[in-house]
Amino acid sequence: MSQTLIPTPPTPSPSSPSSSSLFSNLTIPHSSLHSKLRISQPTRLRPIRSQQPRLLSSRNSGPTDNPRWSLSGMTALVTGGTRGIGHAIVEELAGLGATVHTCCRNSSELDVCLREWDNLGFGVTGSVCDVSVRVQREELMGTVSSVFDGKLNILVSKLLDFLSLYTHKHACERINNVGTNIRKPMVDFTADEFSTLMSTNFESVFHISQLAYQPLKASGFGSIVFTSSVTGFVSLKSMSVHGATKGAINQLTKSLACEWAKDNIRSNAVAPWYIRTSMVEQVLSNKEYLEEVYSRTPLRRLGEPKEVSSLVAFLCLPASSYITGQIICVDGGMSVNGFYPRHD
């Protein structure tokens, strides 16, 4: 069931939609499911920092008035935006002036994030939603369309940090709101396991893109950024099917770049290696395995969430308006390291 939670409504800037058009028509799809609308601090209005967009989400970043480097007045949907990379992406886009809607499965987690973003002055709303469930994807897009008056500039489809799941267990795990990994040799996969991976990791991305097409087209300037993985480029042990789902996302990225170009919608993807999140740090608590990761990574360190979110934001900016159909690895050089061992 999808619930919408709204922080303090932002004060509109001349280049952004009015707050009355943005929030007054908010409806919850499938009201028969008793979705509860919650409003954070409804009596207090404050200006939002998106009126002075910044190059980075850091509080210390300097503002820029150059529209090529601003997302002011734009709307964005970021799935899985309460943890790790997704959280960094929400703050990066909001810091550049976008009005953002995000979702996750955990209502308490979402509430905490919304209060945090409200205190930062960001214009962020959110829904409790499991994007792996088809009907909830439809509810989410109905909510987003209502919140943004039928127009969406940016779709960031973040599934999972697959390497958070790259453990030594032959088990199915789930991170944030969607994304599954079953780690085992290819010949041992059952038909059900194969179907689960394909439907959760790829079908959900395909479907949410279909649902977002009309709002993206209506905005006049649309940008999709998928979260892929280095498994879509290189082989990792017992990750054959997972890699195939990411390869499918890579090809979808290229296909939509061509098919939707006529509607001024761009399509790109980012493909991370190990990024320092709380879940990854648990996996890499094994020092021996951590050294193996470093030995395959020319930069000899893990990536940071902001090193992914900054690329995502760039791909959404007017400054990148001639870039489409690209899948860019954020991996410290791992995917190009043919044979360059490091033992120091």
Side-chain angles (χ1 to χ4, degrees), residues 3-8 10 40 48-50 53-61 71 74-132 140 144 154-165 173-179 205 208 225-229 269-284 302-316 330:
Q3 294 179 315
T4 300
L5 303 104
I6 308 176
T8 306
S40 170
I48 65 172
R49 294 177 185 175
S50 63
R54 299 169 294 170
L55 285 176
L56 298 173
S57 60
S58 167
R59 295 185 183 187
N60 298 323
S61 302
L71 296 176
M74 295 191 188
T75 58
L77 169 62
V78 180
T79 61
T82 58
R83 297 185 189 181
I85 296 173
H87 187 277
I89 291 171
V90 168
E91 293 199 347
E92 198 83 47
L93 298 182
L96 284 163
T99 303
V100 182
H101 190 90
T102 191
C103 65
C104 78
R105 297 187 301 168
N106 188 308
S107 126
S108 298
E109 189 175 281
L110 182 58
D111 281 335
V112 169
C113 289
L114 288 174
R115 285 193 295 270
E116 173 188 320
W117 291 324
D118 180 51
N119 290 334
L120 289 171
F122 294 150
V124 183
T125 59
S127 297
V128 176
C129 177
D130 185 346
V131 185
S132 67
L140 171 66
V144 168
I154 298 165
L155 169 64
V156 180
S157 186
K158 177 191 172 294
L159 288 176
L160 83 164
D161 308 321
F162 96 90
L163 291 163
S164 302
L165 306 178
E173 310 234 1
R174 192 165 291 187
I175 292 290
N176 280 332
N177 53 1
V178 65
V205 174
I208 206 165
V225 182
F226 295 113
T227 302
S228 180
S229 163
V270 296
W273 172 226
Y274 272 114
I275 303 300
R276 192 187 304 278
T277 64
S278 59
M279 188 67 70
V280 162
E281 287 180 342
Q282 292 178 32
V283 174
L284 297 183
L302 305 181
E304 299 294 335
K306 286 186 176 180
E307 292 179 302
V308 181
S309 66
S310 58
L311 174 59
V312 171
F314 171 71
L315 292 172
C316 298
V330 189

Is there side-chain contact between [X] and [Y], with at least one heavy-atom pair below 4.5 Å?
X	Y	value
V330	W273	no
V225	I154	no
V100	F122	no
C104	R83	no
R276	E307	no

Rounded to the nearest 0.5 Å, what separation is found between the [atom1] atom of [X] and the [atom2] atom of [Y]?
X	Y	atom1	atom2	answer
S132	R105	OG	CZ	6.5 Å
L140	C103	CG	SG	5.0 Å
L93	L77	CG	CG	10.5 Å
L302	E304	CG	CD	7.5 Å
T102	W117	OG1	CH2	5.5 Å

(message) Between N119 (side chain only) and R115 (backbone N and O only), is there a donor and an acceptor less than 3.5 Å apart?
(response)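 Yes.
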(request) Go through H101 and T125 one step at a time and tell me if the side-chain hydrogen bond (donor to acceptor under 3.5 Å, both in side chains) criterion holds. (result) CA-CA 5 Å; H101 190 90; T125 59; 2.6 Å; yes
(request) Would you check, one step at a time, whether the test side chain to side chain contact (heavy atoms under 4.5 Å, CB included) holds for C113 with H87? (result) CA-CA 9 Å; C113 289; H87 187 277; 3.9 Å; yes
(request) Compare every heavy atom of G84 with every heavy atom of T277, then report the nearest pair and how far apart it is. (result)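 Here T277 and G84 meet closest at CG2-CA, 3.8 Å.
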(request) May I have the step-by-step check of side chain to side chain contact (heavy atoms under 4.5 Å, CB included) for L155 and V78, ending in yes or no? (result) CA-CA 6 Å; L155 169 64; V78 180; over 6 Å; no
(message) Using side chain to side chain contact (heavy atoms under 4.5 Å, CB included), reason through T82 and N106 one step at a time and then give a plain yes or no.
(response) CA-CA 9 Å; T82 58; N106 188 308; over 6 Å; no
(message) Tell me whether K306 is salt-bridged to E91, with the criterion being a basic N under 4.0 Å from an acidic carboxylate O.
(response)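 No, no charged N to carboxylate O under 4.0 Å.
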(message) Which residue in the set I275, V280, I89 passes side chain to side chain contact (heavy atoms under 4.5 Å, CB included) when paired with P305?
(response)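 Exactly one pass, corresponding to I275.
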(request) Walk me through it: do V312 and V156 pass the test side chain to side chain contact (heavy atoms under 4.5 Å, CB included)? (result) CA-CA 8 Å; V312 171; V156 180; 3.9 Å; yes
